[in-house]
Structure formats: structure tokens, C-alpha cells
Q: 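The structure is given below, and queries will be raised subsequently.
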Protein chains: 2
Amino acid sequence: MQRHERLIQILDLFSQEKPNWELEEIHTALGHSKSTLYRYLKTLTDAGLLTTFPGRGYSLGSRFVEFDYLIRVTDPLIRLAGPVLTQLAETNACVGLLCRRYSDKVLCVFQHTATTKIHSSYERGKARPIFRGAASQVILAHLSAYQLNRLYTPNAAAFSEARLGDDLAGVRQSLSAIRAVGWHATEGQVTPGVVGIAAPLFDERGDITGSYSLTLPAGNVTSEDIRTLGVTVAGAAQEISQTLKKAPAS
Amino acid sequence: MQRHERLIQILDLFSQEKPNWELEEIHTALGHSKSTLYRYLKTLTDAGLLTTFPGRGYSLGSRFVEFDYLIRVTDPLIRLAGPVLTQLAETNACVGLLCRRYSDKVLCVFQHTATTKIHSSYERGKARPIFRGAASQVILAHLSAYQLNRLYTPNAAAFSEARLGDDLAGVRQSLSAIRAVGWHATEGQVTPGVVGIAAPLFDERGDITGSYSLTLPAGNVTSEDIRTLGVTVAGAAQEISQTLKKAPAS
DNA sequence: ATTAATTTTATCATTATGTAGGAATTTTAA
DNA sequence: TTAAAATTCCTACATAATGATAAAATTAAT
């Protein structure tokens, strides 16, 4: 299984800093023979994963845009949680975030901004590690014991830095506390001066699938405000999870 | 190059009708051995092109969402044309569309709706054939003679149905007329009772790269209105193309 | 519209890599 | 904690990938 990885490796080249690659540049970067490279690029282009225009090299193909659309419209979480989140963000003049767990990271899948005080850098399509910030940690708190174990060993330092505990027992305790409260708030773990308040979302089988959160400037809010918002967010999230249970996904 | 195609073939299974696939279902559909299939699925999953959750099978992975984001933020067309288009749509209480050419189809990459009278079904991520509708035909009109030839032979019927002419000479003439006017309007080619008014967008090398268009209900507009809007759209598109020329893409 | 230059694809002998089936392991669920 | 299920590993064998070159397609210029 080395060939397939080499094919897909080509996709890894494309980044925000360098979204366009000439054939020669790919050749230099990855070092295939010209005919092999042309073969690879044709396969990826035919699949819509790359596009090419004469004299302008290769860039990411339409398939990514099309499949993002497909994911968007088939995601029951967005359909259910989106409107409620928008309203919540508007009511509280803050930023609303809907995140999903993808293996060991957390991806923003929907966002609504209802304030100019925060420059939200967390739009649909941006991923974060599962360790920092309320929207991530509330997911972490609901992983199965087995999954937490598996995750902890190679990431002990990250857990420690995120103030979740310095050993597995400590981490378990912190996460258990988050579960007991039903919502979770952090300050400045992602952006300084910004508070995040998050609640967990469960899928139709009752497994953790994402988080529902509000992000607001730390200055204006008391811990009492945070508690009130936490309860609100948790209530909304719970309702969504229950609806999801009744109307199973496709 | 048969192996790689089989890998990517798996992605073709995922659709709006069936966004979730169990291993067994894929096995039935494509007929690899179990170990090979697991190997394929692991490769795709490691690459972020698929995700899997226990008991819920496989679905499209986070990479599509992340790369869509990347494409969105690195697309100079969206950056330049987006705001102007939004304003144009608002002013005229209609739907604004920004499309891009991807080989033989046209993809909507940005949309702004400023009316409730049309149910716009053309959001970011939706693709259409290059033959029907103003937003497509205006791109068709600016293909090179060679590309038009190549496209015509296997699609003569489609050209005819789209009323672009019944032979290559006729098609050339229709398209030449569109070029001469600088904008193009069609009625009901995509949605009955809906008028589309489009102008071409050229990249920094002067090649056709997309279209800029407004979509509005046919009832309320006179052909004089259409002409006025056409000139406006063409002017805006021209300005964008010129800006693009000065500020070359990454 | 024709022609020259460039880019892309096809061909084919050689060599390396993927495949399938069962065993071992990991992960989930009870 | 243990049993069940899902996933990955292992190896002999078959098959397809590779790269140099030739042919074709596409672009650019006249």
C-alpha cells in the first residue's frame, strides 16, 4: 500500500500558502518520473480532485466543492442545530459554533457571527486539535474510556498544557466533572480574551458526535452570565440530541 | 493505472441519496476481497477522504470540508467578485451567481439571494453542464476554437437543444453574437419562468475562467430592463477581470 | 487557418507491488 | 473483565506499476 499513498500525497502539497503547483514543481517536490507523474495527475484530474489550466499548473478540483456541498446538505446536525444556533448567537450578540468530531480533531461545520467584537477565525472547514477550547474539550469529555486511554498516552503533554490534569487519573477526574455539569467553559485557550461555552451533541446511537457552543468577549461577562449561558446552551444541545435520536440519519 | 482508479471509485459511491455506506455494502457494490477493501478504506480514511464511526459505516471525510475552505479563501474571484455581486443582487432584488469553469462543466462557487420570489437551486457546490443557461453559455462563447470543436462533436444534440445552432457553423455564429454583445440572457433554460443575465470573467492571462450573473423572475422584467441589467453586469464583470489582471493570482 | 512548439498520453519490457485468505490483533459491547 | 466483532497483519503468487521513448493531442504563433 505504498502506491496509493503516493498518489494521495500529491494532494497534501496544496495549501493556503501555495494553492497552485506546476508539473515541474511537483516533480521536484516528490520526484516521480515524468510519465508516472503525468499518470498520477491524470488520475486525480479525472476524479475531479485536481484541475489544470494551460500555463497555470494544477490546483484543487471541483470535487472538493461538490462534496462539501453534499456533506452540508446531508448533515442532519446542520439542519437541526443551524437555525437554533443562529438565533442563540443573535440573542446574545456573540458567535455561534457547530463542531464535529473527526477522529482526533474537531472541525467547525457551521458558524454564525452576530458581533463585531470578536474576529472569529473558526469558520466552516477549519479544524482544531481535540485538546484546547471549550468546543473541543466537551467532546473529549464524552469519549469512551477506551478511546481516552488510546488518545492519552501519546498526548500526555497536550492534556497537561490544556489544564486537564497531569496524569490519566487527573484527566479522568477533570473530564468527569465536565460531564457532570453538562456544559463547559474555557477562557483564552484558543484566542486570548475570548470565552467559549460549549455543550456536547450526541448522535442517534447516543455517542458523542460534536459540540454546540457560543464564543464571546471575556470583558463583558460575569461568571454568573457564563453559568446562565451554559445552561441555555446545554438545554439547546440536549434538545437537538433528542431530536436526532427520534429522526435517525440516512 | 487500474488500481488507483479502483481506490477512487469508492468515492463515487457517496451521493445525496446515500451518504453512508457500510463495509458490507461497499463489498457488494464493488466486489473486492475483504482485506483489500479494508486496505483501501484505511488509505482513504487516513487521507481524510472518508470517516468511519463504529456501527455507522463510512461517510465522506473532513478533507472535503477543509479543502473547500482552502479553495474558498484562496480563490481571487470570490474575493474580488463576491462583494460586488452581493450588492448587485441586493439592489435589483434578485439572485447573484458566481460560476467557474471546470473542464466541461460549470460550478457555482458563490451565491447571494436577495429575493424570496425565486427558489434558487444553484448554491456553492452545485455543478451544471456547460450548455444550458446564461451563466454557462457565456463561458461556452469564449472557449478557444479548438476547445469548441472538441466539445461539439460528442455533444451536437445538447447544443441543438440549447438553441445554439444545429451545426458547428451555426453554433459558431450564435456564440460569436454573444461575444459581440458582451453579456447574454436566457429564459427558462434552467428553471421555467426565470431569466438569467450573465457576463464572462477572464483570468489574469485573459482566458475565460467563469461567469458573473443575475437570476430573476421573468414576469416582472421587460426586455429593456434586461438590456439595462446586461450592461451593468457586463461592466462589473469587466472591471473584475481587469483587477484580476493587475493583481495576478498566487 | 496553418504550422511549429509544447504538453500530454500511449506503448512495452522489466521489475516491483498489490491481492486474497486465514491468523493475529485491536476495538467494541456486554 | 470477558466475549464478540471488526480491523489489520502476513505470505505465496499473480498482476499491475514503472520509466524511457514514441506518438498524439493541445496550445501558441504566424
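Just so it is clear, the model here is predicted, and its values are computed rather than measured. All heavy atoms count here, side chains included; hydrogens, waters and symmetry mates do not. Proteins come first, then strands; the chains are lettered A, B, ... in the order of their sequence lines, and each starts at number 1.
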Q: Tell me: CG of B:N149 to P of D:dT27, nearest whole Å?
A: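 Nearest whole value for this atom pair: 12 Å.
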Q: Given that B:P54 and A:P54 both sit by DNA chain D, which one's nearest nucleotide is further toward the 5' end?
A: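 This one resolves to B:P54.
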Q: Taking CD from A:E24 and P from C:dT6, how many angstroms apart are they, rounded to a whole number?
A: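 Rounded to whole Å, this separation is 13 Å.
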Q: Whether A:R3 contacts C:dT17 is assessed here as follows: a side-chain N or O lying under 4.0 Å from the phosphate OP1 or OP2. Is that the case?
A: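 Looking at the OP1 and OP2 atoms of C:dT17, one of them is under 4.0 Å from a side-chain N or O of A:R3.
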Q: Can you find a side chain N or O atom of B:T36 that sits less than 4.0 Å from OP1 or OP2 on C:dA20?
A: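 True: B:T36 side-chain N/O within range (under 4.0 Å) of C:dA20 OP1/OP2.
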Q: Return yes if the base of C:dG21 and the side-chain atoms of B:S33 contain a donor-acceptor N/O pair under 3.5 Å, otherwise no.
A: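 By the distance-only test, no, there is no pair.
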Q: Is B:R6 touching bases, backbone alone, or none of the nucleic acid, heavy atoms closer than 4.0 Å?
A: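 Since no nucleic acid heavy atom lies under 4.0 Å of B:R6, the category is nothing.
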Q: Is there a donor in the side chain of B:Q9 and an acceptor in the side chain of B:R6, or the other way round, less than 3.5 Å apart?
A: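 B:R6 and B:Q9 do not have a side-chain donor-acceptor pair below 3.5 Å.
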Q: DNA chain D: B:S35 or A:H32, which has the more 5' nearest nucleotide?
A: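 So the residue in question is B:S35.
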Q: Round to a whole Å and report the spacing from NZ of B:K34 to P of C:dG22.
A: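 Taking atom P of C:dG22 as the reference, NZ of B:K34 is at 12 Å.
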Q: Can you measure B:L41 atom CG to D:dT7 atom P for me and round it to whole angstrom units?
A: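 Roughly 9 Å, once rounded to whole Å.
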Q: So, B:R79 and B:D75, do they make that salt bridge, N to O below 4.0 Å?
A: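 Here B:R79 does not pair with B:D75 in a salt bridge, since their nearest N and O are not under 4.0 Å apart.
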Q: Please determine whether a side-chain nitrogen or oxygen atom of B:Y40 lies at a distance below 4.0 Å from atom OP1 or OP2 of C:dT19.
A: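 Yes, within the criterion.
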Q: Is there a side-chain polar atom (N or O) of B:Y38 under 4.0 Å from OP1 or OP2 of D:dT7?
A: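 Yes, within the criterion.
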Q: Given the rule in the ring-ring contact (aromatic ring centres under 6.0 Å, His included) test, do B:F67 and A:F14 qualify, once you have shown the distances and angles that lead to the verdict?
A: CA-CA 9 Å; B:F67 270 171; A:F14 295 84; 7.5 Å; no
Q: Can you check the B:W21 CH2 to D:dA6 P distance for me, whole Å?
A: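 Checked: the CH2 to P distance equals 18 Å.
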Q: Atom CG of A:L30 to atom P of D:dT18: distance rounded to whole Å?
A: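 Between P of D:dT18 and CG of A:L30: 13 Å.
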Q: Starting at the 5' end of DNA chain C, which residue's closest nucleotide do you reach first, B:L37 or A:R150?
A: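 Nearest-nucleotide comparison on DNA chain C picks B:L37.
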Q: Calculate, to the nearest 0.5 Å, the distance between atoms CD1 and OG belonging to B:I71 and A:S59 respectively.
A: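 Result: 7.5 Å between the selected atoms.
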Q: When you measure only distances, ignoring hydrogens and angles, does the side chain of A:R39 come within 3.5 Å of the base of D:dG19 through a donor and an acceptor?
A: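 Under the 3.5 Å cut-off, the side chain and the base do form a donor-acceptor pair.
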Q: Whole angstrom is fine here: how far is it from CD in B:Q147 over to C1' in D:dA28?
A: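 That distance rounds to 13 Å.
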Q: In this structure, how many angstroms lie between the P atom of D:dT26 and the CG atom of B:L143, rounded?
A: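 That distance rounds to 13 Å.
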Q: Taking only N and O in the side chain of A:Y146, is any of them less than 4.0 Å away from OP1 or OP2 of C:dT27?
A: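 For C:dT27, OP1/OP2 do have a side-chain N/O of A:Y146 under 4.0 Å.
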Q: If you define the side chain from C-beta out and look only at heavy atoms, does anything of B:T209 sit under 4.5 Å from B:F202?
A: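 A side-chain contact is absent here, since even the closest heavy-atom pair is not under 4.5 Å.
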Q: Give one of base, sugar-phosphate or nothing for A:K42, where a contact means two heavy atoms less than 4.0 Å apart.
A: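 Result for A:K42 = sugar-phosphate.
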